[in-house]
K.L.:
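Pasting in a structure now, in structure tokens, and then I'll have a few things to ask.
So you know, we letter chains A, B, ... as the sequences are listed, proteins then strands, and number each from 1.
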Amino acid sequence: MLPAGTEGASMPASPAWQHIEDVVRKVMRRYGFEEIRTPALEPTALVARGIGQATDIVQKEMFTFEQGDAGYVLRPEVTAPVMRAYLQHHLGQRGGVQKLFYVGPCFRAEKPQKGRFRQFHQFGSETIGAADARADAETVALMADVYREFGLRQTRLRLNSLGSPPDRKRYRQALTDYFAPYENELSETSRRRLRQNPLRLLDTKIEHEQRLLEDAPRLLDFVDDGSRAHYDEVKGWLDHLEIPFEEDPLLVRGLDYYTRTAFELESGALGAQSALAGGGRYDLLAEALGADEPVPAVGFAAGIERLFLALEAAGYDFPPDPAADVFLAAIGEEAERFVFEKARALRRAGLSAETDLMGRSLKAQMREANRSGAPHAVIIGGNELEAGRASVKHMATGEQTEVAFDGLTAFLLEQRAGGQPAEAEAAQDT
RNA sequence: GGGACCGUAGCUCAGUUUGGUCCAGAGCAUUCGGUUGUGAUCCGAAAGGUCGAGGGUUCGAUUCCCUCCGGUCCCCCCA
């Protein structure tokens, strides 16, 4: 039995899935980001320090286990691991800003539902070493361009500034004070949040509480001048790039390492889990992981499964499954030996060639040839072996011609290069 | 962690209401065949399921009850 919420991860890698990754990598490279691969396994302490003890992820969503004295965790996200790699391998010494991206699996021990899995896949970018607001804007632009590349326009980009930890501490207090008189009107979960993590109150879905929030203090009013100036700059650069966004004073993120800029991209077509991607600045993460000095950084993370859902909802045209160039059918043992070797020769010439591996009838082989999507089937039996010429059937038209064994590779290469069916006759003379 | 619904062939599902020869079925997919060596169509046949698992009630359980496992969706939270 598979662990819950890991279903899709064990299916054969579909062309659609690979297509998504291809597009992601393409856009990432346009922006000059390098791919980095970090282990799926990380020390529990790294994740706990990086993401924050008080977060849901660390408190209840990690797959952890002990090995000797050490505690490990299947990574629930990739930003902390990338920062660990950056520090451990002194990537900053390479000079300049480090622009890294990743694509890979993450794990969270949540109850699975639509758009949420225990093993899921994220891609994202991390721009490490840049405090400039343009780094924030570039991250947002990169994220937006990935979705734009897929033609997804029904998305909503929300933006906010979280300021610095002292700012948030003062804001937390103000929020607590504001809600104190209303405590009896709050739901049980909201009362719990008020004590444990007041910022979470901001995304309550209870109408009454939302009305209370309208007059509640705003995080942005507690943000220090530096953060405010930075926020204004980020908005300026986004305007400059003509990237539409909404300011959302209620936007907070679930991980402790965020500072200043926070953003989230939503889709309307995803059901309960509408967040496609999110990110922000995390200038304090490096120090939390043991760095001697602050390392400014900003990044985003996106869910591939959710992108997939959004694409399906939008009726996205995935590229068709790649078809073989040719299917080789054999009749009789001698022909089977010939075909098996010929297929390898074609493959070494760069063609995608398929053959029967079950000793099936010609009829069954032709069915298989049809299924393979190969434009041509090559039939070789006693007659062909005697004549030294293969029967080549053009599957779409049903027309069949003969091609000398010696010229078969060249013929098929030419066909793949865009030769028309009509040229088949011409080619058979070569 | 809490809630709702669901588990019958590889896939999509019927059958369970009122337990017993319409209870083990259909479509698609698969394999083979429709005379000697030709695919997507058509026709025919075959193969394929301990009816999620275990226990209970009963003369008898896919059907009723309990437990467990799994799935889906929702709350929480997030990608």
Side-chain angles (χ1 to χ4, degrees), chain A residues 1-8 51 54-61 75-79 102-124 143 146-147 187-190 192-193 196-197 199-200 202-206 251-255 264-267 270-279 299-310 327 329-332 335 356 358-386 391-400:
Chain A
M1 264 304 167
L2 281 172
T6 62
E7 229 61 13
I51 298 176
T55 59
D56 279 357
I57 290 180
V58 170
Q59 286 190 347
K60 58 181 188 184
E61 294 171 5
R75 64 179 185 195
E77 57 96 56
V78 192
T79 296
Y102 57 83
V103 180
C106 294
F107 307 83
R108 291 181 199 174
E110 297 184 276
K111 190 168 281 194
Q113 70 185 71
K114 185 172 187 180
R116 163 180 293 166
F117 306 89
R118 287 185 161 186
Q119 172 169 346
F120 58 105
H121 299 78
Q122 287 194 337
F123 60 88
M143 180 182 78
V146 170
Y147 294 89
S187 64
E188 194 181 323
T189 55
S190 288
R192 184 170 43 78
R193 286 167 166 178
Q196 293 178 352
N197 193 355
L199 294 190
R200 292 258 70 94
L202 298 182
D203 43 38
T204 179
K205 293 185 179 77
I206 299 169
L251 175 67
V252 289
R253 312 232 71 235
L255 303 122
E264 196 165 297
L265 189 72
E266 277 185 326
S267 161
L270 259 55
Q273 309 307 326
S274 60
L276 285 170
F300 82 95
I304 294 184
E305 285 82 358
R306 290 190 187 173
L307 171 56
F308 217 123
L309 287 175
F327 188 97
I331 307 151
D356 167 65
M358 298 196 289
R360 291 192 291 183
S361 67
L362 179 62
K363 182 181 184 126
Q365 290 183 69
M366 291 305 289
R367 257 204 304 272
E368 191 62 34
N370 183 62
R371 239 198 313 268
S372 76
H376 297 89
V378 168
I379 300 164
I380 294 172
N383 300 340
E384 284 78 8
L385 289 175
E386 205 169 313
S391 296
V392 178
K393 182 166 188 172
H394 189 257
M395 297 301 280
T397 63
E399 285 174 33
Q400 199 160 308

K.L.:
Quantified in whole Å, what is the P atom distance between nucleotide B/A53 and nucleotide B/G7?
P.N.:
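Rounded to whole Å, the distance is 13 Å.
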
K.L.:
Rounding to an integer number of angstrom, what distance separates B/U36 and B/G27 when you compare their P atoms?
P.N.:
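Rounded to whole Å, the distance is 29 Å.
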
K.L.:
Nearest to the side chain of A/Q113 - B/G39, B/C73, B/C78?
P.N.:
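Closest nucleotide to the A/Q113 side chain: B/C73.
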
K.L.:
For a quick check of understanding: with a heavy-atom distance under 4.0 Å over all strands, which category does A/L276 fall into, base, sugar-phosphate or nothing?
P.N.:
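Counting heavy atoms under 4.0 Å across all strands, the contact made by A/L276 is with sugar-phosphate only.
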
K.L.:
Identify which nucleotide among B/C32, B/C76, B/G2 has an atom closest to any side-chain atom of A/K111, counting heavy atoms from C-beta outward.
P.N.:
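Nearest listed nucleotide: B/G2.
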
K.L.:
Base, sugar-phosphate alone, or nothing: which one does A/G398 contact when heavy atoms must sit under 4.0 Å apart?
P.N.:
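Base: the residue A/G398, judged by heavy atoms under 4.0 Å, touches a nucleobase.
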
K.L.:
Taking atom C1' in both B/G48 and B/A24, compute the distance separating them and give it to the nearest angstrom.
P.N.:
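Those two atoms are separated by 13 Å.
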
K.L.:
How is A/A369 classified with respect to the nucleic acid when contacts are heavy atoms under 4.0 Å: base, sugar-phosphate, or nothing?
P.N.:
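If one applies the 4.0 Å heavy-atom cut-off, A/A369 turns out to touch nothing in the nucleic acid.
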
K.L.:
For A/M395 and B/U38, give me the distance from atom CE to atom P, rounded to whole Å.
P.N.:
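Those two atoms, CE and P, are 13 Å apart.
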
K.L.:
Taking only the side-chain heavy atoms of A/K114 (C-beta and beyond), determine which of B/U31, B/C73, B/G37 contains the nearest atom.
P.N.:
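The closest nucleotide is B/C73.
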
K.L.:
Rounded to the nearest angstrom, tell me the gap between atom CD1 in A/I331 and atom C1' in B/G37.
P.N.:
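My rounded result for the distance is 4 Å.
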
K.L.:
To the side chain of A/K363, which of B/U38, B/C78, B/A79 is closest?
P.N.:
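Of the candidates, B/U38 comes closest.
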
K.L.:
When rounded to the nearest Å, what value does the distance between C1' atoms of B/A47 and B/G25 take?
P.N.:
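Roughly 16 Å separates the two C1' atoms.
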
K.L.:
Mind checking if A/K393 touches a base, just sugar-phosphate, or nothing, with heavy atoms under 4.0 Å?
P.N.:
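Base: the residue A/K393, judged by heavy atoms under 4.0 Å, touches a nucleobase.
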
K.L.:
Between A/L265 and A/E368, just flag the one whose closest nucleotide in RNA chain B comes earlier from the 5' side.
P.N.:
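The residue whose closest nucleotide sits nearer the 5' end is A/E368.
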
K.L.:
Hey, does A/E264 reach any base, or is it just sugar-phosphate, or nothing, if we go heavy atoms under 4.0 Å?
P.N.:
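The residue A/E264 makes no contact with any strand.
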
K.L.:
Between B/G37 atom P and A/L362 atom CG, what is the distance in whole Å?
P.N.:
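So the CG-P distance, A/L362 to B/G37, works out to 8 Å.
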
K.L.:
For nucleotides B/G37 and B/U50, find the distance between their P atoms and express it as a whole number of Å.
P.N.:
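Roughly 38 Å separates the two P atoms.
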
K.L.:
Using a heavy-atom cut-off of under 4.0 Å over every strand shown, decide if A/E77 touches base, sugar-phosphate, or nothing.
P.N.:
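The residue A/E77 makes no contact with any strand.
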
K.L.:
Classify the side chain of A/R108 and the base of B/A79 as holding, or not holding, a donor-acceptor pair under 3.5 Å.
P.N.:
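It does, because a donor-acceptor pair links the side chain of A/R108 to the base of B/A79 below 3.5 Å.
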
